[in-house]
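Written below as structure tokens is the structure these notes are about.
Chain letters run A, B, ... following the sequence lines, proteins first, then strands; residues in each count from 1.
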There are 2 protein chains.
Amino acid sequence: MSENEERYLELGVDVHKKGIGYFLKVIPNLFPYAFTTVVLDPEDKDTGLILHVDGAGSKPIIAYLCYKEMKGHGWFKGLAQDVVAMNIDDVIAVGAKPIVFADYIALNAIRIPRDIVLKEVSSGFKEVFEKLSAIEREFRITPIFAGGETADLPDQTRTLDVVGALFARVKINQVIDGSKITEGDVIVGLRSGGKAKYEDRENSGIMCNGLTLARHVLLKHEYYEKYPELGEELVKRKYYGTHSIDEYIDELGMTIGEALLSPTRIYAPIIAEIIAKYHDYVKGLCHNTGGGLTKILRLGRGIRYVKDNLPEPDPIFKLIQREGKVSWREMYQVFNMGIGFEIIVPKDVADDVIDISEKYGVGAQVIGRVERSHGENELLIRSKYGRFLYRRMKE
Amino acid sequence: MSENEERYLELGVDVHKKGIGYFLKVIPNLFPYAFTTVVLDPEDKDTGLILHVDGAGSKPIIAYLCYKEMKGHGWFKGLAQDVVAMNIDDVIAVGAKPIVFADYIALNAIRIPRDIVLKEVSSGFKEVFEKLSAIEREFRITPIFAGGETADLPDQTRTLDVVGALFARVKINQVIDGSKITEGDVIVGLRSGGKAKYEDRENSGIMCNGLTLARHVLLKHEYYEKYPELGEELVKRKYYGTHSIDEYIDELGMTIGEALLSPTRIYAPIIAEIIAKYHDYVKGLCHNTGGGLTKILRLGRGIRYVKDNLPEPDPIFKLIQREGKVSWREMYQVFNMGIGFEIIVPKDVADDVIDISEKYGVGAQVIGRVERSHGENELLIRSKYGRFLYRRMKE
């Protein structure tokens, strides 16, 4: 284990997801080098099925802290968009159509009234699906909302956990699986910060990964003393920052709470239009969730990705790095660093793809290129913060 | 709130799932009086789709305690069967075919090694799907396993939470939705205890609901002092029982730990055969999960269910009732009390249905009948422990 990885591991989070190999062995995945697992429809051999499950990570803890400190309703609502984004953008990354969405909320009703959480989160789902269906074009991206499960688990859940499941379909011959990625292709990166035209306000770019690290690095320890339900007792260093949740930070242009709670951008409307217009040129799609800017390592094989034209990270990432003294190597592995979604296309299509993204108000640029590797996939990040090489882990 | 409901509420669990109405308003459910939500396939108007999410409740805490006290590997494995049962038997209750299953595990890796949990749970999934596919007959019940998500959430999850998502399909004209239930029909109950022919050992019958109450009522307080991660600090009375987890109880024929960890029986092979042979006579199916023996209230409308021929509850339920001094009224609302699945059929089909269940080694009997109600559904339970009337809550 490298020294750089220890910061997040000491908080109980393993970006490499050790142990996941046990699962991979028992899954009949049709496209093992694609972004998401696709299985064959047992009743239609031309169709691939996806059942995806992903949650808002530890973001609900920030919502809880805002609720406790500032009262006022509405803190839990954005979590609905977070879990929709985490699922819808993972399935669109293989070119699939979202069909049905369901949620799972594990709740400690002794700490938070059920009523408040369920009212806010359900209205959040309603809003996000209405918004998506208003902006979707040729390619349907809005799933049907089928409800879900709320579980009272006060002994397991210190506060709450918000998760989504999404069922999606894709024609087998339309799956974007990374197999066509070749030397010379470029990586177009879409910004996670700023404000898309279909969003109501400025986004910090944080999305849903790295929140545990961000929280402990930025927030002051008094919160843990006041609300021990904010964290695991056995973690030695926790909440060792200097900030209040409602502190306005000039460099962020918002409060710490707003920056950490910024609902994850949904890229699906943009990606859907790109797929509809340029399907045969879209060789790989990557949603930069767990693993941050190194997530792309899972796509295709025998590839060396080089990212040497990354934009300046959004202020929230620079704040976390600086105040937490987190190594830049680890930063790129934990956070999206300002690029939430990546599209691998031949060089001559890049400008068209960038135009589509910018039409939606989401900044985009060529951030790197594809070379050949002679072994497992690797990724070279070259930025003004250093030169870092990452390798795909064997599972 | 009745006094009887307070016992479980003081532990932070609400059997009525207050607040769930917010969700029901935004779900385009085709069959609001069926057991499970069914939505229309946007690409095939003859097909209903189900995306179901359900977990093992607080059963993982027992697995954790066994792991801490007795070491030895294997304690987490049965949780795989629990979450498969919780999902597969909920979707088969509308007559649907399971297609794809995915899991979600939220883990505190500071307390439990990821490696152990993932190895055991993944092998549990492998085994349970292999077993199901070996016993399924005309009607396919074994879903494809599509993997899922493990989330490191040490600040939210004191120990672990194990959840499943299941996608299923059903022809719209084949949905079993309770609408044909009429006066004079009978309720056939299938036992949750004992040993089915396709099971390896005796089952206590506990399934996955009521575990929070069971745990606090039966287990001694020393455990909480030794492992504060076993529960929510703010709960006043917790772990107020007298038993050790490894204590053998004659009346149970097994240890307390074994009884509380007994993997939930999967009824799907039996129900699938009943549906294949008697589809047009099967008017309603009920999986007795949250809500216990009162779960049937959600099926159909304008119905008064009368259960006046219940079997003697399995020993685990009598132990919980006696040692926890839980009211019988509450017992029936929290636990399945020995009947895990119910089938509503015309009287003259009951014997055939019972024969099929008994062929699999699962005891079955007519436990009650259907009468007409003039308002919301109601349920009358008449047993030697008392006469209890329950009403369907307005949502």
Side-chain angles (χ1 to χ4, degrees), chain A residues 11-14 17-20 22-24 26-28 37 39 42 49 51-55 57-58 60-61 99-104 106 108-110 114-115 118-119 122 125-126 144-159 161 163 165 167 212 230-232 234-235, chain B residues 11-14 17-20 22-24 26-28 37 39 42 49 51-55 57-58 60-61 99-102 104 106 108-110 114-115 118-119 122 125-126 144-161 163 165 167 212 230-232 234-235:
Chain A
L11 295 169
V13 181
D14 175 11
K17 302 215 163 191
K18 193 167 162 252
I20 210 76
Y22 296 118
F23 277 85
L24 296 180
V26 295
I27 301 166
T37 301
V39 301
L49 306 179
L51 181 51
H52 198 68
V53 185
D54 212 342
S58 71
I61 298 178
I99 307 287
V100 192
F101 177 89
D103 72 288
Y104 170 77
N108 183 338
I110 288 169
R114 277 180 80 92
D115 216 46
L118 299 191
K119 188 175 182 174
S122 64
F125 283 124
K126 187 167 180 286
I144 301 164
F145 182 44
E149 170 73 4
T150 53
D152 278 329
L153 300 176
D155 288 342
Q156 278 137 294
T157 311
R158 288 195 187 85
T159 50
D161 186 15
V163 181
F167 168 71
T212 299
L230 290 181
E232 165 58 50
L234 292 188
V235 168
Chain B
L11 294 169
V13 181
D14 175 11
K17 302 213 161 192
K18 193 167 162 248
I20 209 76
Y22 295 118
F23 276 85
L24 297 180
V26 295
I27 302 166
T37 300
V39 301
L49 306 179
L51 181 50
H52 198 68
V53 186
D54 212 343
S58 70
I61 297 178
I99 307 287
V100 193
F101 177 88
Y104 170 76
N108 183 337
I110 288 169
R114 277 181 80 93
D115 216 46
L118 299 191
K119 188 174 182 177
S122 63
F125 283 125
K126 187 166 178 286
I144 300 164
F145 182 44
E149 169 74 4
T150 52
D152 278 328
L153 300 176
D155 289 342
Q156 278 138 294
T157 310
R158 287 196 188 86
T159 50
L160 78 163
D161 186 16
V163 181
F167 169 71
T212 299
L230 290 181
E232 164 57 51
L234 291 188
V235 168

Reported [atom1]-to-[atom2] distance for the pair [X] and [Y], which is rounded to 0.5 angstrom:
| X | Y | atom1 | atom2 | result |
| --- | --- | --- | --- | --- |
| B:Ile61 | A:Asp155 | CD1 | CG | 4.5 Å |
| B:Glu232 | A:Ile110 | CD | CD1 | 5.0 Å |
| A:Asp14 | B:Arg114 | CG | CZ | 5.5 Å |
| B:Leu51 | A:Phe101 | CG | CZ | 9.0 Å |

Take B:Val163 and A:Val163, measure what side-chain contact (heavy atoms from CB on, under 4.5 Å) needs, and give me the verdict at the end. CA-CA 10 Å; B:Val163 181; A:Val163 181; over 6 Å; no

At a heavy-atom separation under 4.5 Å, does [X] approach chain A through its side chain, its backbone, both, or neither?
| X | result |
| --- | --- |
| B:Phe125 | side chain |
| B:Ala106 | side chain |
| B:Thr37 | side chain |

For chain A, find which of B:Thr159, B:Thr212, B:Val235, B:Asn108 contributes the most heavy-atom pairs closer than 4.5 angstrom.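 If we count pairs closer than 4.5 Å to chain A, B:Asn108 comes out on top.
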
Would you say the side-chain atoms of A:Arg158 pair up with the backbone N or O of B:Pro154, donor to acceptor, closer than 3.5 Å?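 Yes: the side chain of A:Arg158 pairs with the backbone of B:Pro154.
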
Donor-acceptor pair, side chain of A:Gln156 and main chain of B:Gly57, under 3.5 angstrom: yes

Part of [X] lying under 4.5 Å from any heavy atom of chain B:
| X | answer |
| --- | --- |
| A:Asp103 | both |
| A:Val100 | both |
| A:Leu230 | backbone |

Residues that B:Thr157 engages under side chain to side chain donor-acceptor pair (under 3.5 Å), provided they are two or more places apart: none

By ring-ring contact (aromatic ring centres under 6.0 Å, His included), A:Tyr104 pairs with (sequence neighbours left out) none

Out of A:Ala109, A:Gly148, A:Gly147, A:Ser58, return the one with the most heavy atom pairs under 4.5 angstrom to chain B.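 Ranked by contacts with chain B, first place is A:Ser58.
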
State, yes or no, whether a side-chain contact exists between B:Pro28 and A:Ile144 at a heavy-atom distance under 4.5 Å.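 The answer is yes, as the side chains (C-beta and beyond) meet within the 4.5 Å cut-off.
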
So, for A:Ala146 and B:Val39, which heavy atoms are closest and what is the spacing to 0.1 Å? CB-CG1, 4.3 Å

Nearest atoms (heavy-atom pairs only) where A:Ala165 meets B:Val53: CB-CG2, 4.1 Å

